[in-house]
Each structure stands twice: as structure tokens, then as C-alpha cells.
Amino acid sequence: VKGASKGEGLGSQFLANIREVDAIVHVVRCFENGNIVHVDGSINPLRDIETINVELIFSDLEVLERRISKQIRAARNDKAAAKEVELMQRIKAHLEEGKMAGSFADFRDEEEEEWMNSYNLLTAKPVIFAANVSEDDLADDGVANEGVQEVRKFAKEAGYEVFVVCAEIEQEIAELKEDEKAMFLEDLGLKESGLEKLINAGREFRSVQRCGEFLHFRSGHRGAGSGGETCRKGGADKRGENVTAQRAAETENGHRRSLE
């Protein structure tokens, strides 16, 4: 939600949890439904993405400002410290232009890249967008959905991954037995569930492949804008995978039940 970097919603605690993951899965609302209230009163996927990105940038700026203030004294007599302060100031300027740390490339050498990685900045993490659509938009994978196309264009320019999911359908799949799931998907004309799409998208990122941990969070739903779930990939923790793909579905259904 707006103001998360200043303590709104789950605030600092939530942002601190994100720093422990290797990639972020952002579920973006791309469907109209008068019974499910959007926190901003209208459906606008790019606005929702910007809201999240701005809060992540603010949080990273605070991290850099604290590091710079601690390092600047040492920089007076230490060339390495001075070099690192100069790097942090360049990254800070990059963020202040509204750019994500992941697009920063002004490194002078490998040492600076290592320093950058050690900062664990939120905006340097890979992002996977899950475009949350209605059941009607699943058949063509969101091709006719204007919001999905906007998200895909944005993600392509930023170098992120996108997949289409219907949270309501994922909730139904979660309640089925294994032998019923394939039939259910076939009836819908689908080859895979949203959960499977998420896992496949995650494999595109080396960081996720290496450490197997990522965070899912969603925006655009009243009361759910700052929710998130840390999950692990791999056979040892199937529950984690299910939580990731289905959390948005549970949220949608919970709002629907409370508003009906």
C-alpha cells in the first residue's frame, strides 16, 4: 500500500521480510468485479505496479542513506571506504530518478558489483508478474485483456517475467483431488494451472533456481495490498508452492464472501 515504507499497512516489518527472498512475485489485478473493492477505487494495473515500486524505492533509499552516513567518516582516511560511498551515492541518484536498482549498471569494477549485491536492495531483485484475470480471460491467456497487455509490455521493457492466472480458479483447483485436477483443467481448455505457470516462470531466474526462495505479494485489494507470503520451491516443501499460487485466490474469495 502507499506509505508502506513509512509504516503503513505491515510497513517496515513486511519490507524487511522481502529482503530475505531472492525474487518477488507480484500479483496484479487485471479484472473488473464490482463486488471486490479495489483499494484505489478503480482497476489500473500499471498504477498498482508503480505504487509498489515507489515504496520499494523509498525503502532502498533509506537503506543506502543509513549506510552512507555510517561509512562517510571512515571514507576520510580509507580509500576503499571512499570508493564504496561514491558507489552508494551513484546508486542513490539512480533510485531518486525513479529507476529500479536492478537497472543500475554504472559499475567501475567487479568489487563494486559485489558491494551492490551485499546491500540486498529490494529493487534489485528479479520480479515475476502474475496477471490476475477473470475465468473468461484464461482461454486466450489474457490476449484480449487490455490490462494484461499493459503488464506484459511493462515487464518486457523491464526484463521481467509475466504469467496469467485466475485466483478464483486456483482456489477451486486447490480443493480438488489430484486425479480431478487434470480433468478440471481440460474442461477449461487449460494445459497447466497457475501454480505450474508460477514454477515455470520462477525457473527463468537463476537466483530462484539457486536458492529456491521467493516472495509473493498482491496489490489492489482493500485490506490485502501489503500481504505477502515467503515460499520455497522444490519437492521438500510442496506446501510452500501451494501457498504462493493460492494465496491470492483465498484473498479474492474472502473479499467476495465478506461483501456478498
Side-chain angles (χ1 to χ4, degrees), residues 1-2 4-5 12 14-28 45-68 83-131 148 150-163 197-219 225-226 228-233 244:
V1 294
K2 292 180 180 179
S5 61
S12 300
F14 175 64
L15 293 174
N17 289 339
I18 300 178
R19 292 194 189 279
E20 302 305 316
V21 303
D22 300 299
I24 295 173
V25 179
H26 184 175
V27 181
V28 186
L46 295 187
R47 177 201 57 206
D48 293 344
I49 291 172
E50 181 181 12
T51 295
I52 295 296
N53 286 350
V54 166
E55 294 304 323
L56 299 183
I57 287 173
F58 282 159
S59 182
D60 282 349
L61 283 171
E62 291 180 4
V63 168
L64 289 172
E65 287 166 359
R66 287 197 299 269
R67 281 180 170 269
I68 290 172
K83 178 182 176 182
E84 184 173 7
V85 167
E86 199 273 333
L87 168 66
M88 288 189 286
Q89 289 173 334
R90 295 203 310 273
I91 299 172
K92 182 173 176 288
H94 182 82
L95 293 174
E96 288 173 339
E97 293 177 357
K99 301 175 182 177
M100 307 292 272
S103 64
F104 180 82
D106 186 17
F107 298 110
R108 308 296 161 77
D109 52 39
E110 291 184 3
E111 184 178 44
E112 288 194 346
E113 292 189 55
E114 292 175 0
W115 282 337
M116 168 76 157
N117 292 334
S118 72
Y119 304 152
N120 205 16
L121 299 177
L122 298 176
T123 58
K125 297 182 183 296
V127 175
I128 303 172
F129 289 115
V148 173
E150 290 177 348
V151 174
R152 281 179 169 148
K153 180 180 179 182
F154 177 89
K156 183 177 180 179
E157 293 173 352
Y160 297 149
E161 291 290 320
V162 181
F163 70 94
K197 289 181 180 180
L198 170 57
I199 294 172
N200 290 332
R203 291 195 178 111
E204 297 297 320
F205 294 116
R206 292 182 180 179
S207 59
V208 177
Q209 289 177 315
R210 182 172 62 253
C211 299
E213 182 169 279
F214 51 95
L215 177 96
H216 145 266
F217 67 94
R218 56 204 172 270
S219 66
S226 60
E229 189 76 29
T230 302
C231 307
R232 296 180 182 278
K233 278 178 75 259
T244 302

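Start at 1 with the first residue, then count along the sequence. None of these values were measured; they are calculated from a predicted model.
- For the pair K125 and N120, the minimum side-chain heavy-atom distance is below 4.5 Å.
- Two residues are said to be in side-chain contact when any heavy atoms from C-beta on lie closer than 4.5 Å; I128 and V162 fail this criterion.
- Between F104 and M116, the shortest heavy-atom distance links the atoms CB-CE, 4.2 Å.
- In plain terms, the two heavy atoms of L122 and I24 that are nearest each other are O-CD1, 4.3 Å.
- Considering all non-hydrogen atoms of both residues, P126 and D22 come closest at CD-O, 3.1 Å.
- To the nearest 0.5 Å, the span separating CZ on R66 from CD1 on I68 amounts to 11.5 Å.
- Contact check for M88 versus Y119: side-chain heavy atoms found under the 4.5 Å cut-off.
- Here D60 pairs with R19 in a salt bridge; the nearest charged N to carboxylate O distance falls below 4.0 Å.
- When atom types are taken as modelled, the side chain of T51 and the backbone of R47 share a donor-acceptor pair closer than 3.5 angstrom.
- The salt bridge (charged side-chain N to carboxylate O under 4.0 Å, His left out) search around D109 returns K83, not counting sequence neighbours.
- For the atom pair H94 NE2 and I57 CD1, the distance stands at 8.5 Å (nearest 0.5 Å).
- One distance of note links CZ of R67 with CD of E84; it measures 7.0 Å at 0.5 Å rounding.
- Atom CG of residue L87 and atom CD of residue E111 lie 9.5 Å apart, to the nearest 0.5 angstrom.
- Ring orientation note: the planes of Y160 and F154 are tilted relative to one another, at an angle of 30° to 60°.
- L95 and M100 make their closest contact through CD2-C, 4.2 Å (heavy atoms, listed as atom of the first residue, atom of the second, distance).
- Nearest heavy atom pair, residue F107 against residue R90, reads CA-NH2, 4.3 Å.
- The shortest non-hydrogen separation linking L121 to A101 is CD1-CB, 3.9 Å.
- Annotation: the span from I199 atom CD1 to F163 atom CZ amounts to 9.5 Å, rounded to 0.5 Å.
- Partner of E50 under the side chain to side chain contact (heavy atoms under 4.5 Å, CB included) criterion, out of I52, L46, V54, N53: V54 alone.
- Between atom CD of residue E112 and atom CD of residue E86 there is a gap of 7.0 Å, rounded to the nearest 0.5 Å.
- The shortest side-chain heavy-atom distance between E113 and R108 does not fall under the 4.5 Å cut-off.
- Taking the side chain as every heavy atom from C-beta outward, F129 and I49 approach each other to under 4.5 Å.
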